[in-house]
Structures are given as structure tokens and as C-alpha cells.
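By convention here, the first residue in the shown sequence is residue 1.
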Amino acid sequence: MSDVQKVLMPSNPLKPGIDRYGILSNYEPGTRTLEAGFQIAPPFKPLPVDIVLEKDVAVTLRDGVTIYVDVLRPANAEKVPVIVAWSPYGKGQGTSASVMGVFNLVGLDNGIMSGLAKFEAPDPAYWCAQGYAICNPDIRGVAHCEGDSVLWDRQEGRDCYDLIEWLAVQDWCTGKVAMSGTSYLAVSQWFTAAEQPPHLAAINPWEGVSDVYRDLVMRGGLPDHGFARQLRDYSFWGNSSKEDIIAEADRYPLMNELWESKIPQFENINVPAYVVASYSNTLHTAGTFRAWRRMASEDKWLRIHNSQEWPDYYDEANREELRRFFDRFLKDEDNGWEETPRVRYSLLDLQGGDQVNIPAGEFPPAEVIPTKYYLDGRSRTLGTTAPVDGASAGYTLGANPDEVSFVTRFDKETVLVGYPKAHLWVEAEGADDMDLFLLVQKLDAYGTPLQQFTVPNQSARIHDVTERGGSILRYKGSDGRLRVSMRHLDEKLSTDDVPAHSFDRVEKLSPGEVVDVEIDLLPVGLTFYPGEQLRLVISGRSLLGTMMPGIREYTPAESGQHIIRTGGEHASYLQLPVKTA
């Protein structure tokens, strides 16, 4: 029997006065009709059609645990398909101060929503008007539901399987069920689809983690728990216990059975999938692209946008496109969806000239050639020819500067689209380990770093919260990280484009030892015009800060000096995906 066990901690019920509490957060079983024109509260928009609200309906899962769901469906309608929004965020949270505050932060008008949606979920006001029902569940251990809650786990997949099969046989349902939503609601779709519920007809993951160890608690083998702590402490409100993901990461710092159970079985995902990704979400980007690559679905589509998940998800044109996808696979409409390019990607120029919806048959596009740009420690440049002579460059942790960089200038228009990676030869002086943080930046012709807000809000406040953090709200480049003692590659998962580490062993450095490491960086879509430059930055501290404002920043524990070897027998390089046509 395995000695690997989940760690639980007490949970607390969601009560009035907590900023996650909304108008529909009360436990009030029953059915009522919300008539067209109904407005739950200012500033939310009125309903366009009559909607039946079945509130706090009990659903019993296979192990006897009872959860409670809200179902919103068109009144006086024949049978309709249903879309599930699975997350621990309260099913009544749409009108809460926290959700309204997020919309205000990113610059979205709360009036675009009805207030009936869960956070990051489809709005029943729109979907009921289009002939769909929405199911907003409270999940295991949350609100009045029984059991102990878990965080991004195969248990969630099994639970949602049971809910989907329950929904499919309700007398108002056609028997076809889909899932949609961003962030947590995207992650739960990987796990649910991998369980293959018979009545799940399609999924729509809109940016989400797909490996809790590699994406959330130990990215690059570093115990950076800032967002995990936020998720644990402010998302699972209930009467029982909840999973303590931080304690688990402290107890099990290496890959084991617990973390394996928090990776979806991608090879089992075979339903039609419309996946949406971005280059800029430092929490979700790696996981979304990983799931896209590895899922087995033959009918899968990928769109890579140029903004942030919330404004992109609630954009009217994008919502209409999602309806076409669901109409095809939930209503069997012959609407030409299959003619949609399997991949549509964006190219950022960070100066207002982004291109979007560029069609391709795959990602990276077939015209992309991985090209090595070699580091030169003497000139601090990047070049396509390896330096003959060896050299080194480095920095002392805690000093100023505490980073080293290399640049290249493009003499013609150059497009990068795909997966960058770094192959570095490194040495530590005065320490037996190294935390390495990498950033690939675009510079203008005068050497000024170019950045771009991913949200509509560009006020002084958003400048403040993204100056040293809030990286999902302002794009500063493609980043990567690795603890050198965790450098061992997983041969089964690694490709030439995307190295993957096993994280199952610790290999400390000996004095004077030089080792090579491969570091994956987030995928890119960048256009460089003649004269513009690319800069690779290497440091022992986080170069982007926190993912979201207000969370605790990771502080590396190491000291000493980091040395990057270049040229000769230690030809370090940055591999870039260069589009040739």
C-alpha cells in the first residue's frame, strides 16, 4: 500500500459579508421562473428570455457524497443540451464583490453579464437565449456539499462524470452535455474528458493548467507557492476539510503518485475540443499547450489570442464562434464548423500591430525551423554560429546587477512562432544549486524593452500592480525557470522543441562542476522588424514577479555566484522557432 496521502486542513463555510458571497449564494432549494427583463441587481444586464432556475438540486455521486447544483434553462422549451461550469467558485458568486472587483481591475464592464454566471463561466442569459441550459455546481466539499474538497485531481473528473450522466437523463435534457470556462473551469475539463463520460459531447477549455506539479506548485522544480496559496485559501469554502496543496508540496517535493494523480490522462481525451490559449498567461500557457499537444482527440481546434482569458472569453464575437462549435456537436447542426482551421495563431509586435487568427494546420506552423542562437560571453551577443573560444558571463546573487543578458539585432523582418528553449552550460560558485530564471524580451531599434497590457484597463492602477508582478495582465516576454538540481530530463515526455523534466530526483552540484541544462520557455508569436532586437536575460531571481497582484513573491534561497559558460566545448544556445515563409 502506498504511503503517499493527501494532506487535509479545515475549511470554513462561505458566509454573508465575505467578498465571495453573492445574491444567489444562499441555500434555497426550489424552482422559480426568472422572466425576461429580470435584473438580479444593478449594474447587471436584464435577461433576454424567461429562464427556469432550479436551485440547490441534490445530486448523489458514485461514493454516496451529495453535491448541490443550480440549473438554469430556457422556459417553455423542448429538450435542450446543457453546458457544465465545474469549479469550486460558488455557484452564486457572479454578483459578489470579488467577481465585480476582478472585472473592474481588468477593465470589463459588469453590465456585459447577467450576474447569474459563475466566475469565469458561461453566462446563462446568453446561452439560454440560444437554446442551451447551464449547470452551475458546487463541487465536493464546497458550500453545503458533502465530502472533503480536492484541488485539480482525477477525483474531480470522476465527480463531474457522475454529474454529466445525471444531467443527461433529466427530462428537459437532450442527452448531450458540454463543458466550458476559463482557468479552473478549463482544468476540470481535462480531467473530466479523460474519464470519458458517455454523454459528454464536447469541451471548451479556455486556458488552464494541465499538470499541478509543473504548472502550479513546483514550476521548474522551484517551490513557488504564491498562487497555490491564494487558490487554497480563498476558493474552497465549505463545512468539512479541504486539500492543503502547500503542505503536500512541502511533504512531497518530488514527483510521486499524488502529483501523477493531478495530471489528466491525455491519451483518454477523445471528445471534440475547442481549445483557446495565449502566449502571455504565466499560470496557464504551458499547461494549455501541453494538453493541446497530448490529447488524443481527432476533432480538436486551437486558437491562440493576443489578450487575456477574461476579456477574450466574454468577447461577443468569440462567444458567437463558440456557439457555432457547440451547435455543431451538441445540436448536430451542419454549419460548416469543420472548415475552421485546426490552428489559428496570433503574432504580437507589441506596438499596436498584432495579427490574429492566422490559419495553420498545426502548431508550430510547418514553415517553422528551430534555429540555434549561440551565447557569446565576451560580446554578450547571440549569433547563429557557435563561438570557437570558450568564455563565461555571470552574476552574484544579491548584487546589483544580479542578471546577465545577451542580445541580437535582426537585419530583416523575422517572425518567431512556436516553442523556444535554452540549452545552457552552468556552474555555481559558493553553492551546490542554482535557481535560474530566463526571459526572452523584444527590444525596439533603440534597445528599449517592449511590453503590452493584455487587458482593456491601462490606468495608473494597472501600471502599479504589474510593475513587479501581475504578469498575466502585462506581457513582457517569454519566460522559463529551472532549479538546476532538478535538471534530469524525462525521455518519454521531452521533445527537441519542448524539454520536460522528470522531477523525480535531486542532483546537487559539486564544486567546480559544469553541467548542461535544458529549460523550456513559454511559446511565442513575435514579429521583429528590421533593426529591432531580442534580449535573453538570465538571473537567479524571478524576472516577472507574481502571476497575479497581491500574492506572495518567491524568494530564492541560494547565494554565491552563477556562471554561464559559452563557446568552445560549452556552446550554450537559445533555440528559437523561426518562420521561414
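Using the six-membered ring where Trp is involved, F325 and W301 have ring planes that are perpendicular, over 60° apart on the 30 and 60° scheme. Classified by interplanar angle (parallel below 30°, tilted 30° to 60°, perpendicular above 60°), the ring pair Y132/F326 is tilted. Using cut-offs of 30° and 60° on the angle between ring planes, the pair F289 and Y279 is parallel. The aromatic rings of Y27 and Y68 stand perpendicular to each other, their planes meeting at an angle above 60°, with 30° marking the opposite boundary. Between F503 and Y213, the ring planes lie tilted relative to each other; the angle falls in the 30° to 60° range.
Both tests hold for R62 against Y161: distance to the six-membered ring centre under 6.0 Å, angle to the ring axis within 45°. Judged by a 6.0 Å distance limit and a 45° cone about the ring axis, R293 is positioned over the six-membered ring of Y419.
When ring centroids are compared, F103 and Y314 come within the 6.0 Å threshold. A centroid separation of 6.0 Å or more is found between the aromatic rings of F191 and W86.
Interatomic distance, D479 CG to I519 CD1, rounded to the nearest 0.5 Å: 11.0 Å. The CH2 atom of W127 lies 15.5 Å from the CG atom of L116; values are rounded to the nearest 0.5 Å. The line from CG of D312 to CG of N318 is 4.5 Å long, rounded to the nearest 0.5 Å. Of the inter-residue distances, the one linking L283 atom CG with M548 atom CE reads 9.5 Å to the nearest 0.5 angstrom. A distance of 8.5 Å separates CG in L482 from CG in D520, rounded to the nearest 0.5 Å. Note that CG of L167 is 6.5 Å distant from SG of C173, once rounded to the nearest 0.5 Å.
When the shell of 6.0 Å around CZ of R229 is examined, it contains more than 12 heavy atoms from other residues, nucleotides or ligands. The number of heavy-atom neighbours closer than 6.0 Å to CD of E362, taken from other residues, nucleotides and ligands shown, is above 12. Counting heavy atoms of neighbouring residues, nucleotides and ligands inside a 6.0 Å radius, atom CD of E267 exceeds 12 of them.
The closest side-chain heavy-atom distance from D244 to R232 is below 4.5 Å. At a threshold of 4.5 Å between non-hydrogen side-chain atoms, the residues D497 and P370 count as touching. Counting heavy atoms from C-beta outward, N270 and Q196 have side chains that approach closer than 4.5 Å. Looking only at side-chain heavy atoms (C-beta outward), R474 and V465 stay at 4.5 Å or farther from each other. Annotation: side chain of R328 is not in contact with side chain of T340 (no heavy-atom distance under 4.5 Å). For the pair F119/W310, a side-chain contact is recorded, criterion being any heavy-atom separation below 4.5 Å from C-beta on. The shortest side-chain heavy-atom distance between P88 and F236 falls under the 4.5 Å cut-off. Between V7 and E243, the closest side-chain pair of non-hydrogen atoms is not below 4.5 Å.
A side-chain donor from one of R303 and Y274 sits under 3.5 Å from a side-chain acceptor of the other. A side-chain donor from one of S180 and Y313 sits under 3.5 Å from a side-chain acceptor of the other.
Taking each heavy atom of Q189 and P205 in turn, the nearest pair found is OE1-N, 3.2 Å. The two residues N136 and L72 make their nearest non-hydrogen contact at ND2-CD1, 3.7 Å. Looking at every heavy atom in both residues, P499 comes nearest to E518 through CB-OE1, 3.5 Å. In plain terms, the two heavy atoms of R219 and G480 that are nearest each other are NH2-CA, 3.8 Å. Between A121 and L185 the shortest heavy-atom distance is CB-CD2, 3.5 Å. The heavy-atom pair separating L200 from A193 by the smallest distance is CD2-CA, 3.8 Å.
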What's the verdict on side chain to side chain contact (heavy atoms under 4.5 Å, CB included) for I538 and V426, showing C-alpha distance, side-chain angles and the deciding distance?
CA-CA 11 Å; I538 304 171; V426 299; over 6 Å; no
R294 and S210: CA distance, side-chain angles, deciding distance, side chain to side chain contact (heavy atoms under 4.5 Å, CB included) verdict
CA-CA 10 Å; R294 295 181 58 188; S210 66; over 6 Å; no
Applying side chain to side chain contact (heavy atoms under 4.5 Å, CB included), run through M255 and S502 and close with a yes or a no.
CA-CA 7 Å; M255 182 61 67; S502 63; over 6 Å; no
Side chain to side chain contact (heavy atoms under 4.5 Å, CB included) assessment of F363 paired with V417:
CA-CA 8 Å; F363 188 87; V417 55; 3.6 Å; yes
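Checking side-chain atoms of T285 against main-chain N and O of T282 turns up no donor-acceptor pair under 3.5 Å. With D19 contributing its side chain and A97 its backbone, the two residues share no donor-acceptor pair below 3.5 Å. Without hydrogens or angle criteria, W190 side chain to V209 main chain gives a donor-acceptor distance under 3.5 Å. With hydrogens and angles disregarded, no donor-acceptor distance shorter than 3.5 Å links the side chain of T546 to the backbone of R552. Judged by distance alone, with hydrogens and angles left aside, the side-chain atoms of S346 form a donor-acceptor pair with the main-chain N or O of I304 at under 3.5 Å. Between the side chain of R214 and the backbone N or O of G287 there is no donor-acceptor pair closer than 3.5 Å. Looking at T288, its side chain does come within 3.5 Å of a backbone N or O of G208 through a donor-acceptor pair. Side-chain N or O atoms of Q170 include one that pairs as donor or acceptor with a backbone N or O of W166 at under 3.5 Å. Side-chain N or O atoms of K91 include none that pairs as donor or acceptor with a backbone N or O of K55 at under 3.5 Å. Using a distance-only test at 3.5 Å, with no hydrogens or angles considered, no donor-acceptor pair links the side chain of S235 to the main chain of Y89.
Under the 4.0 Å criterion applied to side-chain N and carboxylate O atoms, D215 and R290 are assigned as salt-bridge partners. The pair D299-R342 meets the salt-bridge criterion, since a charged nitrogen lies less than 4.0 angstrom from a carboxylate oxygen. Under the 4.0 Å criterion applied to side-chain N and carboxylate O atoms, R481 and D224 are assigned as salt-bridge partners.
With D153 as the partner, the salt bridge (charged side-chain N to carboxylate O under 4.0 Å, His left out) test is satisfied by one option alone out of R140, K262, K242: K262. The only option from E207, Q308, E309 that meets the side chain to side chain donor-acceptor pair (under 3.5 Å) definition with T182 turns out to be E309.
Qualifying side-chain hydrogen bond (donor to acceptor under 3.5 Å, both in side chains) partners for N26, counting only residues two or more places apart in sequence or in other chains: Y21. Residues forming a side-chain contact (heavy atoms from CB on, under 4.5 Å) with E507 (at least two apart in sequence, or on another chain): R487, H488, R505.
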